[in-house]
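Below, all heavy atoms of this structure are taken into account, side chains as well, without hydrogens, waters or symmetry copies. Numbers for residues simply follow the sequence, beginning at 1.
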Amino acid sequence: MEQAKKITGEVEIPQAIVKDVQNKVKNIPGFKKKIESSLKKITTELLSIILAGAINLDASDIHIEPEEKQAKFRIRIDGILQDVLLFDLKTHKALISRIKLLSKLKLNVTDRPQDGRFSILLGAVPIEIRASSLPAEYGESIVLRILNPKSLINVEALGLRQELSKIFNKEIKKPNGMILVTGPTGSGKTTTLYAVLKKLNKPEVKIITIEDPIEYHLEGISQTQVDPKKGYDFAKGLRSIMRQDPDVVLVGEIRDFETAKIALQSALTGHLVLSTLHTNDAAGTIARLQALGEKPNNIAPAINMAMAQRLVRKVCKKCAEFKKISPEDLKKIKKALKGLSKEIKIPELTASTKIPQTKGCKECNSTGYKGRIGIFEFFLNDTDMEEFILTSPSITSMRELAIKKGMALMRQDGFIKVLEGTTTIEEIERVAAE
């Protein structure tokens with residue numbers, strides 16, 4: 001943590017606060033009660049309680065937003081924002097000043113956005129906090145992203161179907177080529193790639209990453225961070241990385257032609273390249289690379305696999321109820337899963353099949369859901385696919401060929417997880433509507 005101390009502020013949350021929060025903050029009402037009873041405490045202690053409470057509830061983000069007469073405090077759990085409480089603007093101003101001080105943000109700048117970060121020590125665990133301030137109508141709105149190392153999971157815990165897991169594990173062991181993970185912001189792309197790095201991280205494998213910013217620190221891996229102000233972007237960083245003789249390279253995101261060009265070239269010259277792209281589905285990967293300026297004859301031989309993903313909430317194990325599927329839902333799932341490859345194992349689907357329904361309890365903050373899991377779709381780049389990519393196909397044509405070759409769509413993967421009792425039809429409709 002020496003490096004983190006130099007870069008950011010560091011807060012050590014007293015053990016007494018940590019224990020008190022762990023005992024009293026089990027859900028949102030408990031969190032609200034704890035903050036309400038602490039509003040008159042000094043700002044440093046109040047912020048420690050807010051941070052410890054949010055982490056205890058496995059929140060990914062903290063939102064502090066000023067309104068005309070008061071400020072709103074919310075946290076994001078399992079991808080969904082939840083209100084905690086409202087407090088006065090004086091408290092809001094004190095909290096913002098404290099956060100800005102820790103994050104090395106300019107206290108006197110309130111008319112433009114600022115980004116910073118600091119780390120907290122929760123017992124022996126260092127947790128990075130990314131801070132973003134934004135000028136709003138009634139003052140500064142601030143969002144804290146909690147980068148808890150606890151969020152780092154193994155490939156086995158991602159939620160890959162059995163046959164997909166087998167293929168995925170085979171692909172990440174290849175010595176060269178490119179694996180792309182696509183999806184919008186917040187779809188779990190970074191979590192998937194970090195899980196891959198954890199699996200590949202061995203003494204005999206040299207792994208280098210270039211990220212914006214470094215989200216989690218991994219032992220045994222060389223991680224670098226882009227710095228546009230100093231002219232160190234993804235393209236320049238990637239060029240430098242290639243001189244370091246890596247086996248595996250992680251490029252945080254391919255955003256421009258230069259980065260795409262070097263990444264594809266690296267994949268063709270004996271390196272395994274992992275990266276992310278912003279596309280809606282796996283089939284859109286090729287069109288996106290072409291939109292950045294790359295030519296099909298450079299894309300086709302370099303890509304090994306393209307995978308798209310979303311995150312869906314899992315039903316709470318404490319309160320979920322299993323009820324007989326309705327005729328409408330039976331018809332919907334049967335239609336969605338029609339034509340799936342025979343290699344994909346589907347749980348039994350009949351009129352008597354039982355699927356999960358949410359209820360809500362203290363354990364899940366009355367939402368009926370606790371935790372998240374990925375839903376996926378992917379295609380492998382074989383000889384047929386490579387030749388097809390050379391023709392600059394449309395996204396629709398790419399999707400049709402991928403399905404013909406056995407790809408299950410994210411929506412279909414989601415419905416399989418419903419039949420397995422992991423999530424609900426409503427959740428799949430919310431995240432992967434037709």
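- Under a 3.5 Å cut-off, the side chain of Asp247 and the backbone N or O of Lys206 do form a donor-acceptor pair.
- The residues Glu215 and Arg130 are annotated as salt-bridged, a charged nitrogen and a carboxylate oxygen being separated by less than 4.0 angstrom.
- Screening Leu102, Ile62, Val11 against Leu47 for a side chain to side chain contact (heavy atoms under 4.5 Å, CB included) leaves a single residue, Leu102.
- A salt bridge does not link Glu204 to Lys202: none of the charged side-chain nitrogens sits closer than 4.0 Å to a carboxylate oxygen.
- In this structure, CG on Asp61 lies 7.0 Å from CD1 on Ile146, to the nearest 0.5 angstrom.
- The two atoms that bring Asn23 and Lys26 nearest to each other are O-CE, 3.5 Å, heavy atoms only.
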- prompt: Does the pair Arg310 and Glu377 meet the rule for a salt bridge (Lys or Arg N to Asp or Glu O under 4.0 Å), with working shown?
  reply: CA-CA 9 Å; Arg310 298 289 188 278; Glu377 66 182 39; over 6 Å; no

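- Here the options are Val248, Val251, Leu197, Val249, the test is side chain to side chain contact (heavy atoms under 4.5 Å, CB included), and the partner is Thr209; only Leu197 passes.
- Residues Glu343 and Lys166 are not paired through a salt bridge, judged by the lack of any N-O separation under 4.0 Å between the basic side chain and the carboxylate.
- Distance check: Ile120 CD1 to Leu51 CG gives 5.0 Å after rounding to the nearest 0.5 Å.
- Checking Ser394 against Thr396 by side-chain atom types alone, no donor-acceptor pair falls below 3.5 Å.
- Taking all atoms of both residues into account, the shortest heavy-atom contact from Leu330 to Thr350 is CD1-O, 3.6 Å.
- Distance CZ/Arg372 to CD1/Ile77: 11.0 Å, rounded to 0.5 Å.
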message: side-chain contact (heavy atoms from CB on, under 4.5 Å), that's the test. Do Glu140 and Ile99 meet it? Break it down for me.
response: CA-CA 12 Å; Glu140 282 181 281; Ile99 290 166; over 6 Å; no

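- Applying the ring-ring contact (aromatic ring centres under 6.0 Å, His included) criterion to Phe31, with sequence neighbours excluded, gives Phe73.
- Between the side chain of Glu427 and the backbone N or O of Arg313 there is at least one donor-acceptor pair closer than 3.5 Å.
- The number of heavy atoms from other shown groups lying within 6.0 Å of NZ (Lys100) is above 12.
- The distance from atom OG of Ser60 to atom CZ of Arg145, rounded to the nearest 0.5 Å, is 5.5 Å.
- Here Glu36 does not pair with Lys33 in a salt bridge; the nearest charged N to carboxylate O distance is not below 4.0 Å.
- At least one donor-acceptor pair under 3.5 Å links the side chain of Lys189 to the backbone N or O of Gly183.
- No side-chain donor-acceptor contact under 3.5 Å links Asp413 to the backbone of Ala408.
- The ring-ring contact (aromatic ring centres under 6.0 Å, His included) pairs that include a residue from residues 165-199 are Tyr194-Tyr216, where partners are two or more places apart or lie in different chains.
- A salt bridge between Arg411 and Glu429 is present, with a side-chain N of the basic residue lying under 4.0 Å from a carboxylate O of the acidic one.
- Within 6.0 Å of atom NZ in Lys198, more than 12 heavy atoms from other residues, nucleotides or ligands are found, so the atom counts as buried in its surroundings.
- Checked for salt-bridge contact, Arg255 and Asp212 meet the test: a charged N lies under 4.0 Å from a carboxylate O.
- A side-chain donor-acceptor contact under 3.5 Å links Thr259 and Asp256.
- With salt bridges taken as basic N to acidic carboxylate O contacts below 4.0 Å, none links Glu321 and Lys354.
- The pair Glu328-Lys331 does not meet the salt-bridge criterion, since no charged nitrogen lies less than 4.0 angstrom from a carboxylate oxygen.
- A donor-acceptor contact shorter than 3.5 Å is absent between the side chain of Asp233 and the backbone of Pro228.
- A 6.0 Å sphere centred on CG of Asp83 holds more than 12 heavy atoms belonging to other residues, nucleotides or ligands.
- Using a 4.0 Å cut-off between charged nitrogen and carboxylate oxygen, Asp58 and Lys370 do not count as a salt-bridge pair.
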